[in-house]
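First the structure, in the form of structure tokens, and then the observations on it.
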Amino acid sequence: MKLEFVSIVATFALFRSVFGVKRELFKTCEQNGFCHRNRHLANAISNKHGSYSSPYSVDETSIRISEEVSAIEGSIMKKLPNGKAVELPFTIEVLKSDNIRLTIDEKERSDPKSLRVADKRFKSRRFNEASKYALKGEPEISVNAKLTKESITDKSTGEKYLSIIYGDESEYEAQITLSPFKITVYYHGQPEIILNDRNFFNIEHWRTQDQQASELSPEETDYGTFKDEFKDSQGDHLPFGPESIGVDVSFIGYDKVFGIPEHADTFSLKDTTNDDPYRLFNVDIFEYETQSKFPMYGSIPFMVAQKKSATAGLFWINAADTYVDIKKGSPAQSNPDQIVLTSEKSTKTHWFSEAGILDLIIMVDKSPLAINKKYGELSGNPELPQLFTLGYHQCRWNYNDVDDVLDVSEKFDNFEIPYDVIWLDIEYTENKKYFTWKKGLFDDHVEMNKKLAETGRNLVAIIDPHIKTDYQVSNDIEKQGLGIKNSDNDDTYHGHCWPGESVWIDTFNPKSKAYWNKLFANNTDFSGDETNLHIWNDMSEPSVFSGPETTAPKDIVHYGGWEHRSVHNAYGLTFHEATYDAMSKRYVNKRPFILTRAYYAGSQRSAAMWSGDNKSKWEFLKISLPMALTSQVVGMPFTGSDVGGFFGDPSSELLTRWYQAGIWYPFFRGHAHIDSKRREPYIAGEPYTSIMRDAIRLRYSLLPVFYTGFHHASITNAPIITPLFYSNPENEDCYEIEDEFFVADSGLLVKPVTQEGATSVSIYIPDEKPYFDYHTHELIQGKGSHDLQAELEQIPILMQGGHIFSRKDRYRRSSKLMKYDPYTLVVALDEEGSAKGSLYIDDGETFDYKKDDDFVYVDFAIKDNKLQSSVNVGKQTPFTELLDKVKVEKIIIVGKDISFSSSAKVSQNGENWEAETIGINNNAFIIRNPAVAINKSWTIELN
């Protein structure tokens, strides 16, 4: 038996290294029972061309209206072909920030006493806890909604509906049509979102196999209802038979939609009419393909639609296997499969999940930033990370031993390349037993970490959820009942992953989290007393080499009796949250850093993520940009891709261009497969090493920009790298641009080079504002495309007029050593000679900024030749007072045909002095050493 386990893992490792993704391992929509059925139903309804009569209507006698909680409750009745009806209780709430939440359950499944299920291994009700993980807490209810007491009859259609008027200015209305059930959301009198406009609403109610024939409508199919037809899933018990949910959602007037990661696909989502839908199902999809709707490691069921006048969002709160179909239509299209809803362009989507209740939130507002904010209020904003996490991370599978780690660290210093973190993959463990160290190779890991800490460096070690059998940790998990259970719910589930035979810790179980805390505690054999150790959670989809679709069987059981089928996409979130909580307890007042591969809505609250096992090919460099932008739209901004590509050996040109792109990823890490050649940036040789070094140093100089951006994200959920349409929503030409972006709100416009052999690029400017080349200060102005030089050593970067941002330009070995370095301000003037910006500073490590107001926030502004700094000190503390010695050493002022200023009069703390000014060119000059402290307000007048 042991030989069989080893053989499976060895074969899988070879398979990953040589062959790449195998499509036959993963279900198509046609092979996945619930997807097959929901698509079949949608097609059958569409083919009736409006003659279909929906079986779903609201029982008017069941309606209960509560103005106190801004809610409508009642029951939707599903009429069956045999004359019976299924009761589906619903609630419609108006939430704070003007969002509409709809939940629909199944009465018989919600009352266990009434459910006639012979199989008692599972909790019988529909899974109703996805919101517990996707949301940061129970959403607040609106206090300004006006609900109609009785239904209103539409004079033109004769349909009855309920109306909810809401918003500070009553700018929103939700109309709930009773028969057939439908919801239309209006904003400023215009319909924006229609739910169930095409009558695809479908709740597969509980029934026995004997009842099925009399309870299926002519439009439905019984494919896969009680047996999984996919070859690798035929052991799936399907104890509740068919239990999927689905509904169509139409975005009126919108023809561009974004979000629903994770897919290696375009930023603007594609029409899926003649293809499989986008699938949201966390899987270990090694060597994934680009331009693909295949599922990947993470999933966030949130979609954003954009048009000139408004932005809309749909948050589908479900943790089960999910698909989203997209159809785009306009009057100009003649494709009969496209259904035109109105006289204007629109996007029709169809959402369906394998299990759970229907729980969704609709949001509409004036801008994409407003939608980001609404989503953050619901799901939570990203936590402000430690500053070091925004530096460069060096990783490969694997560094061999303590000497290897320290040698790599020393070589970075020898080549004067800054870095902050070195990583250890699975080979550091003893026979892939997590929480152990390989004997003879990592015996001195505590001293190694302390040596790294001398130069401000950190170590990240990998810990995965699969735990090798037959050692202390797995024995504890089995004995204490902390593992995921098998499909009979009577013993711990065993499967295969890197260690061979493994068990999986069930982090839905509160007791497992308490045990996890002990494993990470101070002074254990694993972690010693280091304060610079952080954690990488990989393979947490969960990846199961012996499981269907490379993941866990859907009928294994979690804490509380929930089938894995219902909770699958949330498992990775519970795992990295357990690690985050454990590290929080270990360090008490230090912000933990956790990297996860699997993620779900809410993961942004405690982890960064990366895009998994990419390849050393140009198309993977190119696709990394829309993938990163998509993460910004859905509130998971701390994201990146393996620089250089995980699999393979990049050319020196590709590696160099990837570093020049990677410095803009919010999470910036170089990583490589165990079979790839060493490719630390100092290995490539000249000119490549110097170019990569300069790129990494540019990232470090801009750490104040990134850290300030993360501060804003932690408050408003603003992106770190910002799609062009965020600042220019009225410009439809921006909507599909996926290879350039702004950096936070700094005004830096970047277009990484992703084309082999390129020596120039065409960059799109979205407005008429003046832009300036980052290095030469050359003026580039005019909405549209502009050609820029992009030789190998050049990164196309423009500065938008009207912004002020901060840099730290001195080389240091790590970000920690930059803590008290002086600042350089860069001022890019608009047409009126004005600009503004901000800077956030705290200790970069602890939670003191939150619990003790230990921070400094600086607003910069220039107008009428007066440059001012306005400082808000949260509280006078030893740290904020230490900033007295941190000065502004240089100010670069860039403008269109700028008038050179012969003097700069400086005022701070009642004192006045003059600073020297030096001209650079027609568009820029420097104020040398104004010597103002960063933590107190000041004024500089230019003459």
Side-chain angles (χ1 to χ4, degrees), residues 53-79 85 87-105 107 138-199 201 203 247-253 309-310 312-315 317 341-342 357-366 374 378:
S53 179
S54 172
Y56 297 94
S57 60
V58 176
D59 176 5
E60 194 166 0
T61 65
S62 72
I63 295 171
R64 300 178 301 281
I65 295 175
S66 173
E67 291 194 11
E68 287 184 4
V69 294
S70 299
I72 298 175
E73 296 179 330
S75 292
I76 298 168
M77 305 305 294
K78 177 183 180 182
K79 187 176 181 181
E87 185 174 355
L88 307 170
F90 75 89
T91 301
I92 299 171
E93 297 172 301
V94 183
L95 305 180
K96 181 186 175 183
S97 297
D98 303 325
N99 303 315
I100 291 287
R101 184 179 187 182
L102 168 68
T103 57
I104 303 176
D105 205 342
K107 184 176 181 181
E138 193 61 30
E140 293 184 50
I141 302 299
S142 171
V143 296
N144 63 359
K146 303 177 182 66
L147 291 74
T148 54
K149 296 291 187 181
E150 297 179 353
S151 62
I152 301 167
T153 301
D154 187 310
K155 293 180 180 178
S156 61
T157 64
E159 294 176 336
K160 289 185 176 181
Y161 68 90
L162 300 171
S163 174
I164 307 174
I165 307 293
Y166 56 106
D168 291 338
E169 300 175 358
S170 298
E171 65 270 35
Y172 295 93
E173 182 183 13
Q175 292 185 2
I176 300 96
T177 303
L178 303 186
S179 183
F181 172 70
K182 180 172 69 174
I183 298 177
T184 305
V185 175
Y186 294 81
Y187 181 53
H188 292 297
Q190 298 298 316
E192 302 289 343
I193 293 181
I194 306 177
L195 185 141
N196 201 32
D197 189 57
R198 293 183 286 163
N199 288 317
F201 177 49
I203 303 286
V247 72
D248 60 282
V249 181
S250 298
F251 296 91
I252 308 304
S309 59
L314 181 75
F315 190 8
I317 305 173
L341 296 175
T342 70
I357 65 168
L358 191 149
D359 187 353
L360 60 84
I361 297 175
I362 295 169
M363 54 191 82
V364 182
D365 215 310
K366 60 186 177 182
K374 287 175 182 282
L378 293 165

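Two residues are said to be in side-chain contact when any heavy atoms from C-beta on lie closer than 4.5 Å; Tyr56 and Asn196 fail this criterion. Between Ile104 and Phe201 the shortest side-chain heavy-atom distance falls below 4.5 Å. With a 4.5 Å cut-off on side-chain heavy atoms, Lys160 and Ser179 do not count as touching. Contact check for Val94 versus Ile164: side-chain heavy atoms found under the 4.5 Å cut-off. When side chains are defined from C-beta on, Ile141 does not count as touching Glu68, because their heavy atoms never get closer than 4.5 Å. In this structure, the side chains of Ser151 and Leu162 come closer than 4.5 Å at one or more pairs of heavy atoms. Looking at heavy atoms from C-beta onward, Asp98 lies out of side-chain contact with Met363 at the 4.5 angstrom threshold. Phe181 has its side chain out of reach of Ser57: every pair of non-hydrogen atoms, C-beta onward, lies at least 4.5 Å apart.
Minimum interatomic distance between Glu171 and Glu169 (heavy atoms only, all atoms of both residues): OE1-N, 2.8 Å. Nearest heavy atom pair, residue Gly313 against residue Ile193, reads O-CD1, 4.1 Å. Taking all atoms of both residues into account, the shortest heavy-atom contact from Arg64 to Gly74 is NH2-N, 4.2 Å. Scanning all heavy atoms of the two residues, the minimum distance from Thr184 to Pro191 falls at CG2-CB, 4.2 Å. Closest non-hydrogen pair, Ala71 versus Leu147, comes out as O-CD2, 3.4 Å.
For the atom pair OG of Ser309 and NE2 of His188, the computed distance is 9.5 Å after rounding to the nearest 0.5 Å. Leu314 CG to Leu360 CG: the interatomic distance, rounded to the nearest 0.5 Å, is 5.5 Å. Taking CD1 of Ile100 as the start and CD1 of Ile72 as the end, the distance is 8.5 Å to the nearest 0.5 Å. The distance from atom OH of Tyr186 to atom OG of Ser163, rounded to the nearest 0.5 Å, is 9.5 Å. Ile76 CD1 to Ile203 CD1: the interatomic distance, rounded to the nearest 0.5 Å, is 7.5 Å. With rounding to the nearest 0.5 Å, the separation of CD1 in Ile176 from OG1 in Thr148 is 7.0 Å.
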| message | Walk me through whether Lys182 and Ile194 qualify under side-chain contact (heavy atoms from CB on, under 4.5 Å). | response | CA-CA 7 Å; Lys182 180 172 69 174; Ile194 306 177; 3.8 Å; yes
| field | Verdict with supporting geometry, Ser66 and Glu73, side-chain contact (heavy atoms from CB on, under 4.5 Å) | value | CA-CA 8 Å; Ser66 173; Glu73 296 179 330; over 6 Å; no
| message | Please determine whether side-chain contact (heavy atoms from CB on, under 4.5 Å) holds for the pair Asp105 and Thr103, giving the CA-CA distance in whole Å, both sets of side-chain angles, and the decisive distance to 0.1 Å. | response | CA-CA 7 Å; Asp105 205 342; Thr103 57; over 6 Å; no
| query | Given the rule in the side-chain contact (heavy atoms from CB on, under 4.5 Å) test, do Thr177 and Thr157 qualify, once you have shown the distances and angles that lead to the verdict? | reply | CA-CA 11 Å; Thr177 303; Thr157 64; over 6 Å; no
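The backbone N or O of Ser62 sits nowhere less than 3.5 Å from a side-chain atom of Ser75 that would complete a donor-acceptor pair. A donor-acceptor pair under 3.5 Å links the side-chain atoms of Ser142 to the main chain of Asn144, judged by distance alone.
Using cut-offs of 30° and 60° for the angle between ring planes, the Tyr172 and Tyr166 rings count as parallel.
Of the residues Ile362, Asp359, Leu378, the one that meets the side chain to side chain contact (heavy atoms under 4.5 Å, CB included) test with Arg101 is Asp359.
No more than 12 heavy atoms of other residues, nucleotides or ligands lie within 6.0 Å of CD in Glu140, so this atom counts as exposed by the packing criterion. Enclosure of atom NZ in Lys366 is not indicated, since only 12 or fewer non-hydrogen atoms of other residues, nucleotides or ligands lie within 6.0 angstrom.
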